[in-house]
Amino acid sequence: MRLAPSILAADLTCLGEALAQCEAGGADLVHFDVMDGHFVPNLTFGPPVVAALRPYTARYLDCHLMVANPEALLPALAEAGAGGVTMHVEALDDPGRALRAAADLGMAPGLALRPGTPLRAVLPHLDAVDLVLPMTVEPGFGGQAFDDGVLPKIAAARDAIGRASRPVALQVDGGVNAVTLPRCLDAGADVFVVGTAIFGADDPAAAAKAFRALLDREDR
Ligand code: DX5
Ligand code: ZN
């Protein structure tokens with residue numbers, strides 16, 4: 001069970017401090033929401049910010065690409081020190097080629113789905129991914145309400161992953177908090193992206209620790 005705080009919800013003027021809070025809170029990964037203003041209406045940060053923050057933490061940098069042409073960013077993200085890249089299946093003409101390109105650059109490839117995209121869109125690629133992410137909000141903004149309607153898709157993804165030829169992580173992202181995280185656990189998720197519920201708290205490191213403790217109970 002891994003915890004991935006999303007720094008989109010952090011104080012963007014102090015991202016180095018946000019990484020220190022992730023470490024103090026026992027985060028396993030740090031989640032970067034890369035948005036281009038085309039695939040989603042919002043515009044955030046990209047490879048230069050990932051590269052600038054790389055020296056501030058030893059944690060694995062988990063990049064969620066909400067961009068229209070994710071393949072074009074892969075070389076720069078690899079150079080920046082990204083550990084994993086999760087691309088939206090809706091943005092890819094040839095998911096197999098994009099996944100191979102990420103792996104060839106030394107990054108763990110993942111596929112994300114919008115809430116309305118059926119799981120079958122990623123099933124042909126399960127043997128080529130390290131991670132599947134069924135989004136629990138429409139991608140683009142932090143702080144949205146969790147969509148319970150995605151839970152059956154998460155459970156179906158857990159079943160499909162059980163039949164895959166390699167270990168595949170099952171990430172959830174969007175509206176994950178102390179109330180909704182247990183629902184994701186029950187559905188079979190094992191990587192939890194948490195933005196607002198950590199960085200919106202008075203003490204983000206303490207909030208992260210509380211989530212880590214919840215996951216530790218499951219790990220035992
Ligand atoms: C939304 C992003 C999320 C977002 C999660 O498009 O992918 O990672 O930061 O934030 P919360 O936890 O606030 O929903
Ligand atoms: Zn995300």
Side-chain angles (χ1 to χ4, degrees), residues 2-12 15 18-19 21-22 25 27-47 49-50 53 59-68 70 73 77 82-91 107-117 122 129-151 153-154 169-185 189-202 204 207-208 210-212 214-215:
R2 289 181 289 162
L3 177 65
S6 165
I7 58 163
L8 181 62
D11 177 349
L12 297 178
L15 285 176
L19 295 187
Q21 290 165 340
C22 291
D28 302 280
L29 329 172
V30 181
H31 186 82
F32 282 71
D33 287 306
V34 177
M35 305 186 192
D36 68 349
H38 293 278
F39 182 74
V40 290
N42 199 7
L43 186 61
T44 55
F45 34 71
V49 174
V50 176
L53 290 172
R59 295 294 186 271
Y60 178 101
L61 306 184
D62 169 43
C63 295
H64 176 195
L65 308 187
M66 288 159 276
V67 303
L73 283 182
L77 284 167
V85 278
T86 302
M87 298 177 271
H88 269 267
V89 68
E90 305 88 354
M107 299 181 290
L111 284 175
L113 307 94
R114 290 181 181 273
T117 301
V122 302
V129 294
D130 287 336
L131 180 146
V132 170
L133 165 56
M135 291 290 298
T136 46
V137 298
E138 267 314 320
F141 298 91
Q144 303 181 75
F146 182 87
D147 180 353
D148 273 304
V150 180
L151 289 169
K153 184 160 71 176
I154 298 167
L170 180 53
Q171 188 174 65
V172 285
D173 181 10
V176 178
N177 57 36
V179 173
T180 59
L181 186 143
R183 297 178 197 159
C184 299
L185 270 173
D190 55 14
V191 187
F192 303 84
V193 178
V194 183
T196 305
I198 287 177
F199 290 107
D202 290 338
F211 281 106
R212 193 51 263 176
L214 209 73
L215 298 179

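For the single chain, residues carry numbers from 1 onward in sequence order. Read the numbers this way: they start at 1 and go in the same order the structure lists the ligands and their atoms.
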Exercise. Considering only heavy atoms of G142, which atoms of ligand 1 have at least one such atom less than 4.0 Å away?
Worked result: 4 (C), 10 (O), 13 (O)
For this session: Could you tell me which atoms of ligand 1, counted from 1 in the order shown, lie closer than 4.0 angstrom to a heavy atom of G140?
Result: 1 (C), 6 (O)
For this session: May I ask you to list the atoms of ligand 1 that are less than 4.0 angstrom from any heavy atom of L8?
Result: 9 (O)
For this session: Tell me which N, O or S atom of D33 sits nearest to the Zn ion (ligand 2).
Result: OD1
Seminar exercise, completed: Counting from 1 in the order shown, the ligand 1 atoms closer than 4.0 Å to a non-hydrogen atom of G174 are 14 (O)
Exercise. Looking at ligand 1, does any of its N/O atoms fall within less than 3.5 Å of an N/O of G175?
Worked result: yes
Problem set entry | Close side-chain approach of V30 and P5, heavy atoms under 4.5 Å | no
For this session: For ligand 1, find out whether one of its N or O atoms is nearer than 3.5 Å to an N or O atom of Q144.
Result: no
Problem set entry | Contact summary for L65 and P70, nearest pair of heavy atoms | CD1-CB, 4.0 Å
For this session: Determine whether the side chains of H31 and D33 contain a donor N or O and an acceptor N or O closer than 3.5 Å.
Result: yes
Exercise. Do other residues, nucleotides or ligands put more than 12 heavy atoms under 6.0 Å from the CZ atom of R59?
Worked result: yes
For this session: Return yes when G143 approaches ligand 1 closer than 4.0 angstrom through a heavy atom, no otherwise.
Result: yes
Seminar exercise, completed: Within 4.0 Å of some non-hydrogen atom of M35, the atoms of ligand 1 are 6 (O)
For this session: Just let me know how A9 lines up against ligand 1, side chain, backbone, both or neither, with a heavy-atom cut-off below 4.0 Å.
Result: neither
For this session: For H64, counting its heavy atoms only, list the atoms of ligand 1 lying under 4.0 Å from any of them.
Result: 7 (O)
Problem set entry | Heavy-atom pair of closest approach, residues A145 and V137 | O-CG1, 3.4 Å
For this session: Pick whichever of F141, F192, F199 has a heavy atom sitting closest to atom 1 (C) of ligand 1.
Result: F141
For this session: Name whichever N, O or S atom of D173 ends up nearest to the Zn ion (ligand 2).
Result: OD2
For this session: Could you list the atoms of ligand 1 found under 4.0 angstrom from a heavy atom of D173?
Result: 2 (C), 3 (C), 4 (C), 5 (C), 7 (O), 8 (O)
Seminar exercise, completed: Note: ligand 1 atoms sitting under 4.0 Å from heavy atoms of T196 are 11 (P), 12 (O), 13 (O)
Problem set entry | Test item: D36 side-chain N/O and F39 main-chain N/O as donor-acceptor pair under 3.5 Å | yes
Problem set entry | Taking every non-hydrogen atom, the tightest pair across E138 and R114 | OE1-NH1, 3.0 Å
For this session: Just give me the atom name: the N, O or S atom of H64 closest to the Zn ion (ligand 2).
Result: ND1
For this session: May I ask you to test the I7-F32 pair for a side-chain heavy-atom distance under 4.5 Å?
Result: yes
Exercise. At the 4.0 Å heavy-atom cut-off, does A197 count as touching ligand 1?
Worked result: no
Problem set entry | Nearest-contact summary for atom 12 (O) of ligand 1 - protein heavy atom, Å | G195 N, 2.8 Å
